[in-house]
There are 2 protein chains.
Amino acid sequence: MAEILDAAWSLARSNGLLSFSLRDLATKVGMQAPSLYQYFASKDDIYDAMFRQGAVECLAEVGVDAAAPDRREAFRQSARRMFDFATSDPVRAQLLFQRTIPGFEPSAESYAPAVEMVEGMRALVAAHGITDPDAMDLWTAMIGGLVAQQLSNDPGGSRWARLVDRTVDMFLAEMDPDHDEAPQRKGQTR
Amino acid sequence: MAEILDAAWSLARSNGLLSFSLRDLATKVGMQAPSLYQYFASKDDIYDAMFRQGAVECLAEVGVDAAAPDRREAFRQSARRMFDFATSDPVRAQLLFQRTIPGFEPSAESYAPAVEMVEGMRALVAAHGITDPDAMDLWTAMIGGLVAQQLSNDPGGSRWARLVDRTVDMFLAEMDPDHDEAPQRKGQTR
DNA sequence: GTCTATATTTGGATAGAC
DNA sequence: GTCTATCCAAATATAGAC
């Protein structure tokens, strides 16, 4: 079952998330297509398992410790981790964030880790005294925007990766202009 | 031919960009499927014509006059127009900006207006004395990020539309902190 | 649990008559 | 230029033997 999932990821990465077939998938794990139905009820059920797996990975890799002392560093770290997670596997990002598969909707259980991620970000924002009600929406738009540009216009490169820290600084300056001591910039350290 | 294109847009909006069939399309214009091949060489050829049409519309609706006197207003206007264009037709946005159709790549001719759009934005940036080499990349990430969030998390709403002007102000403050006189905000006028 | 065989559907595209 | 008829390919999914 884990083997089937691994093979599904592999095929999705080479053939495309929508284009891989159950026949190919079965062949890859040394089965015939109908045998897959012992493990998954449908192709969408496979997508759901993949989604869940990706969401769990996201939670594990991107989790932020809201207790970090330095605010700027905490937000930069959160942004970088999310950016790196999303851009390191375009197919996974397409499944988790782009949601372009015709009939598929993730089940509530599979979606749960994503909800937890949002809660984590909300906690980070609150822990550092940011009260702006639009903070979360601005944050998701900015980080998601960087990710999308990187994936579609410079896959594998760093054209937008270079701008992550700078974008975080813009965000913090906007949230709380008074407490924002001048960041050291030009020359993101990555 | 224009009628076929109109019908294709209509079907794409209701059935999905990938999911509409040539049979349905032909039926919609009172033909049989093979007759479509008198007008288009393949389904991808139809996508290409749709892409071109969308790109031309984008150029027409979003075109910015770089000569606008007020800088902030010029950039806000540019951002709003692009945001409104993209969010007003999700299927068109998917075709033009998301590019999620398996085999399809727009032809050079169809893509030309998009190139011209980028040039227009570059001219706007230059005309207002912005020399930061990352200005364009930051701009596309921010505006694109707002659009993507609006489309996927609040389609038809204004949760991120409200944040467009504010985001433009952040951008301008970052580009040129000295010349950036305090914007009047809280209460985007739309 | 895995297989063979096949149902079922659907799609894009072509041949050739009219 | 439009049609009927059909090809061809591919996909998900099911039935039923072993």
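Below, chains carry the letters A, B, ... as their sequence lines are ordered, and counting in each starts from 1. What's counted below: heavy atoms across the whole structure, side chains too, no hydrogens, waters or symmetry copies.
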If the cut-off is 4.0 Å, is [X] near the phosphate of [N], judged by side-chain N/O to OP1 or OP2?
| X | N | value |
| --- | --- | --- |
| Q32(A) | dT4(C) | yes |
| Y37(B) | dC3(D) | no |
| S35(A) | dG1(C) | no |
| Y47(B) | dG12(C) | no |

>> Considering every strand and a 4.0 Å limit on heavy-atom distances, what is the contact class for F40(A): base, sugar-phosphate, or nothing?
In response: nothing
> Quick check: are there more than 12 heavy atoms from other residues, nucleotides or ligands sitting under 6.0 Å from CZ of F97(A)?
Replying inline: yes
> Would you say E61(B) has more than 12 foreign heavy atoms packed within less than 6.0 Å of its CD?
Replying inline: yes
> Under 30°, 30 to 60°, or over 60°: which ring-plane class applies to F171(B) and F75(B), parallel, tilted or perpendicular?
Replying inline: tilted
> Separation of Y39(A) atom OH from dA13(D) atom P, in whole Å?
Replying inline: 18 Å
>> Output the rounded distance in Å from CG (L36(B)) to C1' (dT14(C)).
In response: 14 Å
> Just one of D134(A), V125(A), L124(A), V168(A) clears the side-chain contact (heavy atoms from CB on, under 4.5 Å) bar with W139(A), so which one?
Replying inline: V168(A)
> Does anything in residues 11-31 of chain B reach DNA chain C, meaning a heavy atom under 4.0 Å, and if so which residues?
Replying inline: F20(B), S21(B), L22(B), R23(B)
> E73(A): what forms a side-chain hydrogen bond (donor to acceptor under 3.5 Å, both in side chains) with it, not counting sequence neighbours?
Replying inline: none
> Partners of A49(B) by side-chain contact (heavy atoms from CB on, under 4.5 Å), sequence neighbours excluded?
Replying inline: L5(B), F40(B)
> Given that Q38(B) and K43(A) both sit by DNA chain D, which one's nearest nucleotide is further toward the 5' end?
Replying inline: Q38(B)
